[in-house]
Amino acid sequence: QVQLAESGGGSVQAGGSLRLSCTASEYTRSTACMGWFRQAPGKEREGVAAISTSNNSPYYAASVKGRFTISQDNAKKTVYLQMNSLKPEDTAMYYCAADFGVCRLKLELLTDSAAWGQGTQVTVSS
């Protein structure tokens, strides 16, 4: 199964920026779509942003559109999430995911073969 390694989390003040990276061990059918989900304490995991690794189409949750940008470097098998104008409500554990269903940004649409990273914490203080 594909292994995903994340990096780039941290703590910033509101209005600041962070960039997350997610590197896949290999590109397979399951990495057709890669992206990020996040989970805040006491809340359900939600889709944030995703990208089709074949045609570069990005997908964003309404809550982050205009502030977050997802991109990829195919040669490095890496997907990036540039997060600008961060808000306290963006505080969560961010998980990279790879699966056909990731581009739908809905957890329930991921298949049983979905790959997940270990998670990286993002904390935004007011």
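Just so you know, residue 1 is the first one in the sequence shown, and it goes up from there.
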Is there side-chain contact between Y95 and Q118, with at least one heavy-atom pair below 4.5 Å? no
Minimum side-chain heavy-atom gap R104-Y59 below 4.5 Å: no
Beyond-backbone contact of Y80 with I70, side-chain heavy atoms, under 4.5 angstrom: no
To the nearest 0.5 angstrom, please state how far the CD atom of E108 sits from the CD atom of E44. 8.5 Å
Given L18 and V122, is the side chain to side chain contact (heavy atoms under 4.5 Å, CB included) satisfied, shown in steps? CA-CA 8 Å; L18 285 172; V122 171; 3.8 Å; yes
Using modelled atom types only, decide if a donor and an acceptor are shared between the side chain of R19 and the backbone of Q82 within a distance under 3.5 Å. no
On a heavy-atom basis, which atom in S85 and which in S17 lie closest, and how many Å separate them? N-OG, 4.4 Å
Spell out, as yes or no, whether a donor-acceptor pair under 3.5 Å connects the side chain of T123 to the backbone of T91. no
Could you check F100 against R29 for side chain to side chain contact (heavy atoms under 4.5 Å, CB included), going step by step and ending with a plain yes or no? CA-CA 8 Å; F100 288 110; R29 292 177 68 236; 3.9 Å; yes
Close side-chain approach of Q72 and T53, heavy atoms under 4.5 Å: yes
So do M83 and W36 actually touch side chain to side chain, heavy atoms under 4.5 Å? no
Test side chain to side chain contact (heavy atoms under 4.5 Å, CB included) applied to L86 and F68, step by step: CA-CA 9 Å; L86 282 161; F68 290 11; 3.8 Å; yes
May I ask you to check whether D99 and S30 show a side-chain donor-acceptor distance below 3.5 Å? no
Which atoms form the tightest heavy-atom contact between V64 and V48, and what is the distance? CG2-O, 3.5 Å
Taking atom types as modelled, find out whether T78 and S21 have a side-chain donor-acceptor pair closer than 3.5 angstrom. no
With distance as the sole test, does Q3 use its side chain to make a donor-acceptor pair with the main-chain N or O of G117 at under 3.5 Å? no
Interatomic distance, S7 atom OG to L20 atom CG [nearest 0.5 angstrom]: 8.0 Å
Determine whether E46 and K106 make a side-chain contact, defined as any pair of heavy atoms from C-beta on separated by less than 4.5 Å. no
Looking only at non-hydrogen atoms, find the nearest pair between G47 and A61 and report the distance. O-CB, 3.4 Å
Hey, is the main chain of S125 close enough, under 3.5 Å, to the side chain of Q13 for a donor-acceptor pair? no
CZ (R45) with more than 12 external heavy atoms under 6.0 Å: yes
Closer than 3.5 angstrom, by distance alone: can the side chain of S25 be matched with the main-chain N or O of V2 as a donor-acceptor pair? no
Please examine the side chains of L110 and V102, heavy atoms only from C-beta on, and report whether any two atoms are closer than 4.5 Å. yes
Can you say whether the rings of F37 and W116 are parallel (under 30°), tilted (30 to 60°) or perpendicular (over 60°)? perpendicular
Could you pull out the closest heavy-atom pair between C103 and A50, with the gap in Å? CA-CB, 3.8 Å
Which atom pair, heavy atoms only, marks the closest approach of M34 to A24? CE-CB, 4.2 Å
Could you check whether E26 pairs with K77 (Lys NZ or Arg NE/NH1/NH2 to Asp/Glu carboxylate O, under 4.0 Å)? no
State the OG1-CG distance between T69 and N84, to the nearest 0.5 angstrom. 6.5 Å
Is there a path of hydrophobic side-chain contacts, each under 4.5 Å between heavy atoms, that joins I51 and L105? no
Do you know the tightest heavy-atom contact between A92 and A40? CB-N, 3.8 Å
How long is the straight-line distance from CG of D90 back to OG of S63, given to the nearest 0.5 Å? 7.0 Å
